[in-house]
S.K.: 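A single structure is presented below for examination.
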Amino acid sequence: MSPPLLAVERLTKRFGGLAANEDVSFNVAAGEIIGLIGPNGAGKTTVFNSLAGFFPPTSGQIRLDGQPVAGLPPERMAALGVARTFQIVRIFKSMTVLENVMVGAMLHHPAVRVATERALSALDFTGLTRRAHDPAGRLTVAEQKRLEVTRALACEPRLLLLDETMAGLTQTEVQEAVELVRRIQARGIACVVVEHVMEGIMPIADRMVVLERGHVIADGPPRAIAEDPAVIAAYLGEEYRAPGP
Ligand SMILES: Nc1ncnc2c1ncn2[C@@H]1O[C@H](COP(=O)(O)OP(=O)(O)OP(=O)(O)O)[C@@H](O)[C@H]1O
Ligand SMILES: [Mg+2]
């Protein structure tokens, strides 16, 4: 059997005395959508920082197609097909939308002409074409989040890490974001989606991984997760009800 696209194996990250992640293990298959949820401070963004190479894990391993990659720097992880967005958007506000996306496209296409074509095609895919020549700082919150997704897509990833791209959006915008993640998956790109907006992630996730205080407390299909007493106690609360069949 071929190895999964991503295998996270007993990943531990300590900051001084604090274990932000402890023995975190889960797999992501090619083209799968995984929801990564849990209370504030549970360690979700820390998982992304390790996966994207922003810092080396304290211990544990990360495998892409079975190959160990823990500790590789961000540019290597990006070249291997791991792209991310940031919980607090990190766009270049004085640059145009197109230029922001070209930063991603240049990872694989250093020639400006090709990078421009790829960036325009990514903007078309995410519906931002008419904003291409506007300074990124003029975009709405929803558009800025979408721009980050576009820039990540322009890196031509196999695995996309989305950190709260639905936070702060209106209900309509959340539905548009859901639709976009579905279309990204249809392109064969696997997504790990960190989200507090349950109506955004529950309907599209193939599996949910739940973190609490650095530990995985549940891993399973959304419906089972929504009914798991430990998850309800730690995070979802009694008010969240899974949508009907
Ligand atoms: N660079 C860092 N240095 C020190 N401590 C950190 C660092 N990054 C995260 N932490 C700590 O690790 C823990 C997990 O943080 P993390 O940002 O991963 O949580 P999170 O699940 O993403 O939370 P949220 O839902 O609020 O975004 C927190 O206690 C946080 O303060
Ligand atoms: Mg976070």
Side-chain angles (χ1 to χ4, degrees), residues 1-8 26-38 44-45 47-48 51-52 62-66 77-87 89 101 104-105 107-108 118-119 121-129 142-167 169 171-211 218-226 242-243 245:
M1 221 174 84
S2 57
L5 172 64
L6 174 75
V8 178
F26 64 92
N27 288 347
V28 183
E32 207 172 28
I33 297 177
I34 301 296
L36 181 60
I37 65 169
K44 306 178 296 294
T45 298
V47 170
F48 276 14
L51 294 182
I62 299 165
R63 292 179 194 277
L64 272 180
D65 297 324
M77 294 307 289
L80 288 169
V82 180
R84 74 175 299 184
T85 68
F86 292 91
Q87 187 165 352
V89 290
V101 180
L107 176 70
H108 290 300
R118 297 301 174 112
S121 140
L123 285 165
D124 181 51
F125 180 76
T126 60
L128 280 177
T129 302
E143 287 171 331
Q144 290 191 8
K145 298 237 174 195
R146 194 165 276 246
L147 171 55
E148 273 219 323
V149 176
T150 315
R151 183 174 57 195
L153 284 173
C155 298
E156 299 173 13
R158 293 182 295 156
L159 175 64
L160 181 59
L161 310 174
L162 301 175
D163 199 347
E164 299 202 29
T165 53
M166 299 177 192
L169 305 192
Q171 267 188 344
T172 310
E173 289 165 347
V174 167
Q175 288 318 311
E176 288 165 358
V178 163
E179 203 44 51
L180 179 58
V181 177
R182 281 205 171 105
R183 289 197 295 118
I184 291 169
Q185 181 186 35
R187 285 192 155 189
I189 300 169
C191 300
V192 181
V193 182
V194 164
E195 209 42 81
H196 288 291
V197 181
M198 287 306 108
E199 60 274 31
I201 181 59
M202 285 279 188
I204 52 175
D206 296 297
R207 257 181 31 249
M208 306 282 285
V209 175
V210 188
L211 282 181
D219 180 338
R223 186 167 300 275
I225 291 300

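By convention here, the first residue in the shown sequence is residue 1. These numbers come from the heavy atoms of this one structure, side chains and all, not from hydrogens, waters or symmetry mates.
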S.K.: Nearest 0.5 angstrom please: Thr150 OG1 to Leu128 CG, how far?
M.R.: 5.0 Å

S.K.: Quick check against the 3.5 Å criterion: does Arg183 have a side-chain atom that pairs as donor or acceptor with the backbone of Phe125?
M.R.: yes

S.K.: Please name the pair of heavy atoms, one in Ile225 and one in Ala218, separated by the smallest distance, quoted to 0.1 Å.
M.R.: CD1-CB, 3.6 Å

S.K.: Tell me, which pairs form a salt bridge (charged side-chain N to carboxylate O under 4.0 Å, His left out) where one or both residues lie in residues 27-37, sequence neighbours left out?
M.R.: Glu32-Arg207

S.K.: Can Arg118 and Glu156 be counted as an ion pair, charged N to O under 4.0 angstrom?
M.R.: yes

S.K.: Scan the side chains in residues 160-167 for donor-acceptor partners under 3.5 Å anywhere in the protein, sequence neighbours excluded, and list what turns up.
M.R.:
from, atom 1, to, atom 2, distance (Å)
Asp163, OD2, Thr45, OG1, 2.8
Glu164, OE2, Gln87, NE2, 3.2
Glu164, OE2, His196, NE2, 3.3

S.K.: Test Lys145 against Thr85 for side-chain contact (heavy atoms from CB on, under 4.5 Å), laying out the working first.
M.R.: CA-CA 8 Å; Lys145 298 237 174 195; Thr85 68; over 6 Å; no

S.K.: For the backbone of Leu211 and the side chain of Lys44, can you confirm whether one donor and one acceptor N or O come within less than 3.5 Å of each other?
M.R.: no

S.K.: Please name the pair of heavy atoms, one in Gly31 and one in Asp206, separated by the smallest distance, quoted to 0.1 Å.
M.R.: O-OD2, 4.5 Å

S.K.: Quick one: closest heavy-atom pair of Ile184 and Cys191, and the distance?
M.R.: CG2-SG, 3.7 Å

S.K.: Which heavy-atom pair separates Ile34 from Val209 by the least distance, and what is that distance?
M.R.: CG2-CG2, 3.8 Å

S.K.: Is the closest basic N to carboxylate O distance between Arg151 and Glu148 below 4.0 Å?
M.R.: yes

S.K.: Take Gln185 and Ile204 through the test side-chain contact (heavy atoms from CB on, under 4.5 Å) and record every step on the way to the result.
M.R.: CA-CA 10 Å; Gln185 181 186 35; Ile204 52 175; over 6 Å; no

